[in-house]
Every structure is written in C-alpha cells, then in structure tokens.
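Reckoned from all heavy atoms, side chains included, excluding hydrogens, waters and symmetry mates.
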Amino acid sequence: MSLFRPKFWKIPEITEAERQRLPALAAELEQRLQTVAARFPQAAFASSLAVEDMVITDAICRLKLPLRIITLNTGKLNPETEALIAATEARYQTRLEVFAPDKEAAAAFEREFGVTAMYDSVELRRRCCHIRKIEPLNRALKNAPAWLTGQRRSQSDTRSELNFEELDRSRNIAKFNPIFDWEENDVWAYAEAYGVPLNELYHQGYPSIGCEPCTRPVKEGENIRAGRWWWESKDSKECGLHK
C-alpha cells in the first residue's frame with residue numbers, strides 16, 4: 001500500500017515586503033471604489049465570498065460606500081460557504097442581498113439530466129451554471145447602473161486581459177474590477193492585516209471555491225483554479241458570469 005500523501009495548497013505566507021506595499025494598494029483600492037460609488041451610486045458588487053470579494057466587501061463597509069453587495073446561493077454551496085454569509089453580515093453589520101435560482105428550473109434540470117449532469121458534458125455543466133448562477137445574477141443586476149467583481153488578471157489565462165473598467169455589452173452597463181492588477185499574495189496580505197472573515201475551506205486546500213460538486217482541493221504547485229471544473233480543459237473553465 002502506498003504511503004504517499006499529496007500535499008495540498010495552503011494559504012500563502014506573506015513576506016515583509018508584501019506587507020510594506022499593502023498600504024499603497026489598500027489606498028488605491030479605496031480610491032477606485034470611491035470613484036465607482038461617486039459615478040454610479042447603488043452599483044452592485046457581486047460577491048462570490050472568495051477572499052478577493054471579502055477584501056472588497058471589507059473596503060466597501062469600512063468606507064460606508066453606497067454600493068449594494070449581492071451574492072448568489074446556488075443551492076449547491078458547501079456548508080462552509082453558506083456559513084460565511086451570516087458571518088459577513090455579523091462582522092460588518094450589513095445585509096447581503098442573496099439571490100437564489102428558480103426552484104422549478106433547477107428541479108426540472110435535475111429531473112431531466114440527473115444531479116451529476118455537470119460531469120457529462122461542458123454544455124450540460126454550463127446549462128446548470130446558467131440556471132444556478134447566471135439567471136439569478138441577471139435578476140440581481142436588472143436595475144443596476146453598473147457592477148463590480150473581484151476578478152484578477154493572474155487568476156487564469158481567461159482573465160489575463162482584465163482592466164479596471166470594462167463595458168458589459170450584454171447588459172450595456174459599466175463593469176469594474178477594482179483589484180484586477182493585484183497578485184494572490186496581495187489579497188492575502190490585506191486579509192491578514194484587516195482580519196477579514198474567510199471561508200473555512202481555504203484551510204482545507206481550496207484556493208478557489210465554487211459549488212460543492214464542481215470544486216475540489218488543489219495540490220501544491222497546481223494553478224489556483226485547477227480545482228474548479230477539474231474534469232474540463234482549462235479553456236472552458238468559466239461559468240459564464242463574466243462573458
């Protein structure tokens with residue numbers, strides 16, 4: 001019997017140099033968020049509750065900016081992720097706007113294709129994502145003047161061209177990525193310095209967290225999004241929220 005046990009991803013250790021550069025990054029983030037709030041009061045920040053999004057949530061709440069914070073409960077989240085919603089509301093004394101999928105649409109999909117249909121083809125996985133993520137997000141953004149995300153360029157090849165401000169052509173509204181140019185350790189340095197509440201799955205080897213059936217821990221040295229839709233090629237690893 002093999003005694004080999006793979007080593008899994010761990011929260012990065014922050015260097016002193018990274019701590020030293022954090023104040024400038026945090027100040028720039030605050031300025032970016034203030035700019036968005038001034039141009040588009042009630043713009044919606046779509047939080048996945050990932051560490052990047054918790055950083056932005058912290059800054060929005062500290063500055064008491066007039067930005068909505070929305071999140072999606074897909075009905076397939078890990079218990080640790082669901083628990084973070086309540087923990088976030090308690091920490092910041094605010095209410096997150098939680099949007100869920102249409103129950104009948106989600107049930108009909110599973111009746112027709114099965115509860116594990118996401119593994120059968122990219123098309124079926126994306127249909128599941130559409131029901132559980134895209135349609136609820138569309139409802140959440142229906143009257144939003146603009147929206148914000150926690151995406152970063154270095155997260156994946158599909159995000160390498162991100163900018164601070166983009167045009168969401170499907171909705172014809174502005175879209176902002178306020179930490180688009182941050183590196184992974186910048187995010188963790190902020191989380192450490194500001195005591196940001198985090199998903200417990202980060203301590204179990206999950207650097208990128210989505211729905212429970214579509215997320216697994218990542219081995220040490222793998223890309224941080226390798227555990228998302230791990231059975232697919234890297235070129236298909238997006239749910240469609242950002243297309």
Check the orientation of Trp9 and Trp188. Use parallel for under 30°, tilted for 30 to 60°, and perpendicular for over 60°. tilted
Applying side chain to side chain donor-acceptor pair (under 3.5 Å) to Glu212 and Asn78, what does each step give before you reach the verdict? CA-CA 5 Å; Glu212 187 278 331; Asn78 296 77; 5.0 Å; no
Sequence neighbours excluded, the answer for side chain to side chain contact (heavy atoms under 4.5 Å, CB included) partners of Phe164 is Arg32, Val36, Phe176, Pro178, Phe180
Just verifying a value: how many Å separate Ile179 CD1 and Leu25 CG, rounded to the nearest 0.5 Å? 10.0 Å
Any side-chain donor near an acceptor of the partner, Arg153 and Asn163, under 3.5 Å: yes
Set of side chain to side chain contact (heavy atoms under 4.5 Å, CB included) partners for Ala46, sequence neighbours left out: Ile70, Leu137, Trp147
Thinking salt bridges, do Glu220 and Lys10 make one under a 4.0 Å N-O criterion? no
Roughly how far, to the nearest 0.5 Å, is the OG1 atom of Thr57 from the CG atom of Leu49? 7.5 Å
Would you tell me whether Asp168 and Ser170 have side-chain atoms, one donor and one acceptor, within less than 3.5 Å of each other? yes
Verify the distance criterion only: is there a donor paired with an acceptor across the side chains of Gln34 and Glu30 at less than 3.5 Å? no
May I ask you to list the residues sharing a hydrophobic cluster with Ile131, side-chain cutoff 4.5 Å, ordered by chain and number? Phe109, Phe113, Leu124
Within 6.0 Å of CD in Glu13, more than 12 heavy atoms from elsewhere: no
Any side-chain donor paired with an acceptor under 3.5 Å for Arg171 and Asn138? yes
Sidechain N-carboxylate O distance under 4.0 Å for Arg127, Glu110: no
Taken to the nearest 0.5 Å, the spacing of Ile134 CD1 from Leu72 CG works out to 10.0 Å
Out of curiosity, Leu77 CG to Arg132 CZ, how far, rounded to the nearest 0.5 Å? 9.5 Å
What's the separation between atom CG in Leu84 and atom CG in Asn199, rounded to the nearest 0.5 Å? 5.5 Å
